[in-house]
Asker: 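Sharing a structure below in structure tokens format, with a few things to ask.
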Amino acid sequence: MARDYYEVLGVPRGAGADEIQQAYRKLARKYHPDVNKDPTAEDMFKEVNEAYQVLSDPDTRTRYDRFGDDFRRVPEDYDERVRASAGGYGGGGRRVHFGQGFGGQGPVDFEDLFGQMFTGAGGYGPIPGADQEAELELTLEEAYRGGKRTLGLDGRQYDVDIPAGVLNGQRIRLAGQGGRGGGSAPPGDLYLVVRIRPHPRFRVQGRDIYVDLPVSPWEAVLGATVVVPTPGGEAKVKVVPGSSTGRKLRLRGEGMPNPRGAAGNLYAEIKVMVPSKPTARERDLFEQLAAESNFDPRKVK
């Protein structure tokens, strides 16, 4: 069973949106694989992201609070279905509690439950199958390029068309691949929720991609044309003379593709690097520069 999402973020069940966001930011910084080299950090980072995705959305949080770990398996229009199916019974409907099976014998089997309630055996007539969700984990490169992929779930194989530029949290619909319907009713749909793995080099914000660009001191001072990596391959960018660490160079359209509009941009953030073990000649040159230069970065306005 998955850990309680409130426990993952370390917040009470009555926590407000701001408290949840603050807890997420703190834990995301703590466990980000670029910062934390512990072998378990990446799994913790994913768990924190998943908890935040659920608890930061009011509707999804309400469903999680009501149905617990099985909230993704319950159709969003569950209440409407129950009321419609039980309309001939004095308007009271049939109340179902989730979390334990009948008689306290473990988790509810949702397919069996909906089969009993909405098929001829339950006396209510056929009703369409429930929509279901599953997670689809992709590398950034896979999300960038898109393509076909075969996914195995619960012993079944699904052929998935991944659109180029799919984003974290986006849902891919597989029509008719969800829960089975009652009687002659059609099945529900299966929605694959995209989760993009943290990348050791690139950071994605919306459709924009950020990457660190190491440059030498002389490249930063004199300017240079250097190679910068992108998810689609290498590109060249011009470092203007006098660039300092933190300066961002924009490569228009080199971010995540957008099937419905303009692609995002890629931003290369300059990081001026110095030799960790300079040679004797390099040291002589730096000492000569130090003796002759009047530049003081602590006095620059």
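What you are looking at is a predicted structure, and each value in this text was computed from that prediction instead of being measured. All heavy atoms count here, side chains included; hydrogens, waters and symmetry mates do not. Throughout, residue positions are numbered sequentially from 1 according to the sequence presented.
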Asker: Any ring pair (Phe, Tyr, Trp, His ring centres under 6.0 Å) pairs touching residues 131-180, not counting sequence neighbours?
Answerer: none
Asker: Between Tyr5 and Arg13, is any side-chain donor less than 3.5 angstrom from a side-chain acceptor?
Answerer: no
Asker: With ILVMFWY side chains joined below 4.5 Å, transitively, what does Tyr210's cluster contain besides itself?
Answerer: Tyr267
Asker: Looking at residues at least two apart in the chain, or sitting in another chain, which of them share a salt bridge (Lys or Arg N to Asp or Glu O under 4.0 Å) with Glu7?
Answerer: Arg3
Asker: With sequence neighbours excluded, tell me which residues meet side-chain contact (heavy atoms from CB on, under 4.5 Å) with Ala263.
Answerer: none
Asker: Mind jotting down which residue pairs meet the side chain to side chain donor-acceptor pair (under 3.5 Å) criterion with at least one end in residues 30-45? Sequence neighbours excluded, please.
Answerer: Asp38-Thr40
Asker: Hydrophobic clusters join Ile, Leu, Val, Met, Phe, Trp and Tyr when side-chain heavy atoms are under 4.5 Å apart, directly or via other members; which others share one with Phe286?
Answerer: Trp218, Val221, Leu222
Asker: Not counting sequence neighbours, which residues clear salt bridge (Lys or Arg N to Asp or Glu O under 4.0 Å) with Glu19? List them please.
Answerer: none
Asker: Listed by chain and number, what are the salt bridge (Lys or Arg N to Asp or Glu O under 4.0 Å) partners of Lys236, not counting sequence neighbours?
Answerer: none
Asker: What residues form a ring-ring contact (aromatic ring centres under 6.0 Å, His included) with Tyr24, not counting sequence neighbours?
Answerer: Tyr52
Asker: My understanding is that only residues two or more places apart in sequence, or in another chain, count here; which of them pass salt bridge (Lys or Arg N to Asp or Glu O under 4.0 Å) with Glu282?
Answerer: none
Asker: Val160, Leu153: one ILVMFWY side-chain cluster at the under-4.5 Å cut-off?
Answerer: yes
Asker: Ignoring hydrogens and angles, write down the donor-acceptor pairs under 3.5 Å from the side chains of residues 196-209, residues two or more places apart or on other chains.
Answerer:
residue	atom	partner	partner atom	Å
Arg197	NE	Glu137	OE1	2.9
His199	ND1	Arg201	N	2.9
His199	ND1	Phe202	N	3.2
His199	NE2	Glu141	OE2	2.8
Arg207	NH1	Gly165	O	2.8
Arg207	NH1	Pro257	O	2.5
Asp208	OD1	Asn265	N	2.8

Asker: Checking Glu287 now: which residues fulfil side-chain contact (heavy atoms from CB on, under 4.5 Å) with it, not counting sequence neighbours?
Answerer: Arg283, Asp284
